[in-house]
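Just so you know, these numbers come straight off a predicted model, no measurement behind them. Within every chain, numbering begins at 1; the chains are lettered A, B, ... in the order of the sequence lines, protein sequences first and strands thereafter.
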There are 2 protein chains.
Amino acid sequence: MSAEYTNPLFTVDSVLFTVKNEQLLVLLVKRAQAPFIGDWGLPGGFIDEKIDNNTDATARRKLQAKTGLSPAYLEQLQAISGPDRDPRGFSVTLAYFALVAYQDVSPQIASVESASWIALKDLAKLNLAFDHLHIIEAARQRLQQKTLYSMTPVFCLPTQFTIAQLKSVIETIIEKPIQRKSLMRRIEASDIFEISEEKIPSGGRMAQLYTLKPGADLVNFERNLSL
Amino acid sequence: MSAEYTNPLFTVDSVLFTVKNEQLLVLLVKRAQAPFIGDWGLPGGFIDEKIDNNTDATARRKLQAKTGLSPAYLEQLQAISGPDRDPRGFSVTLAYFALVAYQDVSPQIASVESASWIALKDLAKLNLAFDHLHIIEAARQRLQQKTLYSMTPVFCLPTQFTIAQLKSVIETIIEKPIQRKSLMRRIEASDIFEISEEKIPSGGRMAQLYTLKPGADLVNFERNLSL
DNA sequence: AGAATAGTGTCTTTCAGACACTATATG
DNA sequence: CATATAGTGTCTGAAAGACACTATTCT
């Protein structure tokens, strides 16, 4: 039992989503190093043991480098491993799944030419590094599932947002219309939102702005929205 | 960007649960090597790149070594990482969460004196290696949550089982009684079970045995049982 | 006024909880 | 027979879906 095992290559990659114009977008970077030089891939890399206290910190650090900020939402998705997914040898990737408001990141992205928002429906056209397409698909399913029983999608919006905006983001994610009324009921029941002082124009009656209560944790509803 | 990063120590550990006599049990092994020699810990270890095609295979191989069989249910739980959790240095553990029927494993366990089923309520008395207590707690919460919206607990039972047995396992996991009727409705609605030809005595009327339909996938209900 | 969007009232539908009732086994 | 457990019938309650209705803003 004293055999020396070689450690696998270990990397952390993140699937950062946002929603813009009824489109689900994912952040991709153009790879500057081998393997898969020049292909698009997920932002990520190796742990830096001097800086990162754990893999969450690695994910945040790598995302910050590309977007200028730490994502509003971050959770572990899944580890993927195998002898053939990286030409350099057996590798393990810990995939994260993250959300930000498009507005928060947009200027920064525009200035980093190696990073870009790509609509999920356009992914098929691209050649993605490793099994990153597969990871993105897994992340999308997780996001969709979570959207059915939680308010997770708020993290795709700025701190102040209207019901209509939240409704639109939810509908984009689950690809199905929902009832305004159902959303209002959940907002009320969750008790994690505050009515802001402001209202904003909307084309008709002024729309109430909401914010997340400071320090409020997301709640899980015990019923799903129906798909 | 050409810095050489040191890879962290990478291990795979599993939280194998079963239910016996209205008690939730977890499989622990007495550690034969440093660190934490002599303490109880989760079964697990390093990837063997020659044998394991991925980390799932590592988890299964390590569990097989201790129980003689591959668990009926296995899913990734979570990766835990940090510079201080292992005295040997920065480490990452990929934790799995698994289920088996007590009857399937029991004889094998008894013969391996280094492995033992421990009731969850007795864990506090033990000194567990690493942050394994914390991992077990996370696994228990995941199992509890899954039990509210799926039939996952069947994997704690032999292939043939009665409604009463399943009900009892569920109640043990969520620590709350449920209605026989609710369970029956879910069994019917899920459409993943078959009525066996056999019935078994129960103290009163004979109880119908059920089995999982071959190749049936677990379904998620869109409503939770209430806690 | 008319159009557009915000927000509410309320009926229907679905499914879990409660619990009594029937069915079938044993002694 | 009594008792015990299996299994069903059915009412209630909670929350989502549907959708019409009111409210407010702009042109």
Side-chain angles (χ1 to χ4, degrees), chain A residues 22 144-151 153 157 160-171 173-210 219-227, chain B residues 22 144-151 153 157 160-171 173-191 193-211 219-227:
Chain A
E22 277 87 65
Q144 232 170 59
Q145 203 51 40
K146 272 197 123 80
T147 300
L148 298 179
Y149 62 79
S150 78
M151 289 298 187
L157 290 169
Q160 292 208 119
F161 58 89
T162 67
I163 305 290
Q165 286 167 348
L166 181 52
K167 174 168 180 282
S168 166
V169 166
I170 291 172
E171 291 175 335
I173 292 170
I174 68 175
E175 298 177 312
K176 193 181 161 294
I178 62 166
Q179 296 278 329
R180 234 164 44 238
K181 184 68 194 217
S182 298
L183 180 54
M184 295 269 351
R185 278 191 289 233
R186 283 184 161 212
I187 285 176
E188 170 110 30
S190 66
D191 196 37
I192 57 172
F193 298 105
E194 255 172 11
I195 295 181
S196 157
E197 281 105 55
E198 294 173 67
K199 302 195 180 201
I200 58 167
S202 74
R205 173 173 167 177
M206 301 276 279
Q208 179 64 59
L209 283 171
Y210 288 76
V219 252
N220 293 341
F221 303 103
E222 63 221 40
R223 228 184 264 199
N224 280 5
L225 298 173
S226 61
L227 265 186
Chain B
E22 278 87 63
Q144 233 170 60
Q145 203 51 39
K146 273 195 122 79
T147 300
L148 298 179
Y149 62 79
S150 78
M151 289 298 187
L157 290 170
Q160 294 208 121
F161 57 89
T162 66
I163 305 290
Q165 286 166 347
L166 181 52
K167 174 168 180 283
S168 165
V169 167
I170 291 172
E171 290 175 336
I173 293 170
I174 68 175
E175 299 177 313
K176 194 182 160 295
I178 62 167
Q179 295 281 329
R180 235 164 46 237
K181 184 68 194 218
S182 299
L183 180 54
M184 295 268 355
R185 277 190 291 233
R186 284 183 160 212
I187 285 177
E188 170 110 29
S190 66
D191 196 37
F193 297 105
E194 256 172 10
I195 295 180
S196 157
E197 282 105 54
E198 292 173 68
K199 303 195 181 200
I200 57 167
S202 73
R205 173 174 167 176
M206 302 276 279
Q208 180 63 59
L209 283 171
Y210 287 77
T211 58
V219 232
N220 293 341
F221 303 103
E222 63 220 37
R223 236 184 257 198
N224 280 6
L225 298 173
S226 61
L227 265 185

Nucleotide-resolved protein contact map, nucleotides 17-27 of chain C, B/S/- at heavy-atom distance under 4.0 Å: BBB---BBB--

Upstream residue (5' side of DNA chain C) when B:Phe221 and A:Ser202 are each assigned their closest nucleotide: A:Ser202

d(CD, B:Glu188; C1', D:dG9) in whole Å: 14 Å

Length of the CG-C1' vector between A:Leu183 and C:dT8, whole Å: 14 Å

Rounded distance (Å) that lies between atom C1' of C:dG7 and atom CG of A:Leu166: 15 Å

Length of the CE-P vector between B:Met184 and D:dT5, whole Å: 18 Å

Touch class at under 4.0 angstrom, heavy-atom based, for A:Glu222 against every strand present: nothing

Interatomic spacing from OH in B:Tyr210 to OG1 in B:Thr162 - rounded to 0.5 Å: 9.5 Å

A:Gln144 versus A:Ile174, closest heavy-atom pair with distance: CG-CA, 3.9 Å

Rounded distance in Å - CZ (A:Arg186) to C1' (D:dG17): 12 Å

Spacing of A:Gln208 atom CD relative to D:dT24 atom P, expressed in whole Å: 13 Å

Show me, pair by pair, the donor-acceptor contacts under 3.5 angstrom made by side chains of residues 198-209 of chain B, not counting sequence neighbours?
unit_1	atom_1	unit_2	atom_2	d
B:Glu198	OE2	B:Gln160	NE2	3.3
B:Ser202	OG	B:Gly204	N	3.3
B:Ser202	OG	B:Arg205	O	2.8
B:Gln208	NE2	B:Ser196	O	2.8
B:Gln208	NE2	B:Glu198	O	3.3

Partners passing ring pair (Phe, Tyr, Trp, His ring centres under 6.0 Å) against A:Phe193 (at least two apart in sequence or in another chain): A:Phe161

Residues that A:Ser150 engages under side-chain hydrogen bond (donor to acceptor under 3.5 Å, both in side chains), provided they are two or more places apart: A:Thr152

Rounded interatomic separation in angstrom, taking CD1 from B:Ile187 and P from C:dC15: 16 Å

Sugar-phosphate only, base, or nothing, as touched by A:Ala189 at under 4.0 Å among non-hydrogen atoms: nothing

base_contact_polar (D:dA15 base, A:Arg223 side chain, donor-acceptor, <3.5 Å): yes

Pairs under 3.5 angstrom only: tabulate donor-acceptor contacts from the side chains of residues 175-186 of chain A to other protein residues two or more places apart or in another chain.
unit_1	atom_1	unit_2	atom_2	d
A:Arg186	NH1	A:Leu148	O	3.0
A:Arg186	NH2	A:Arg223	O	2.5

Salt bridge (charged side-chain N to carboxylate O under 4.0 Å, His left out) pairs, two or more places apart, involving residues 160-171 of chain B: B:Lys167-B:Glu171

Atom pair distance, as rounded to whole Å: CD in B:Gln165 and P in D:dT5: 14 Å

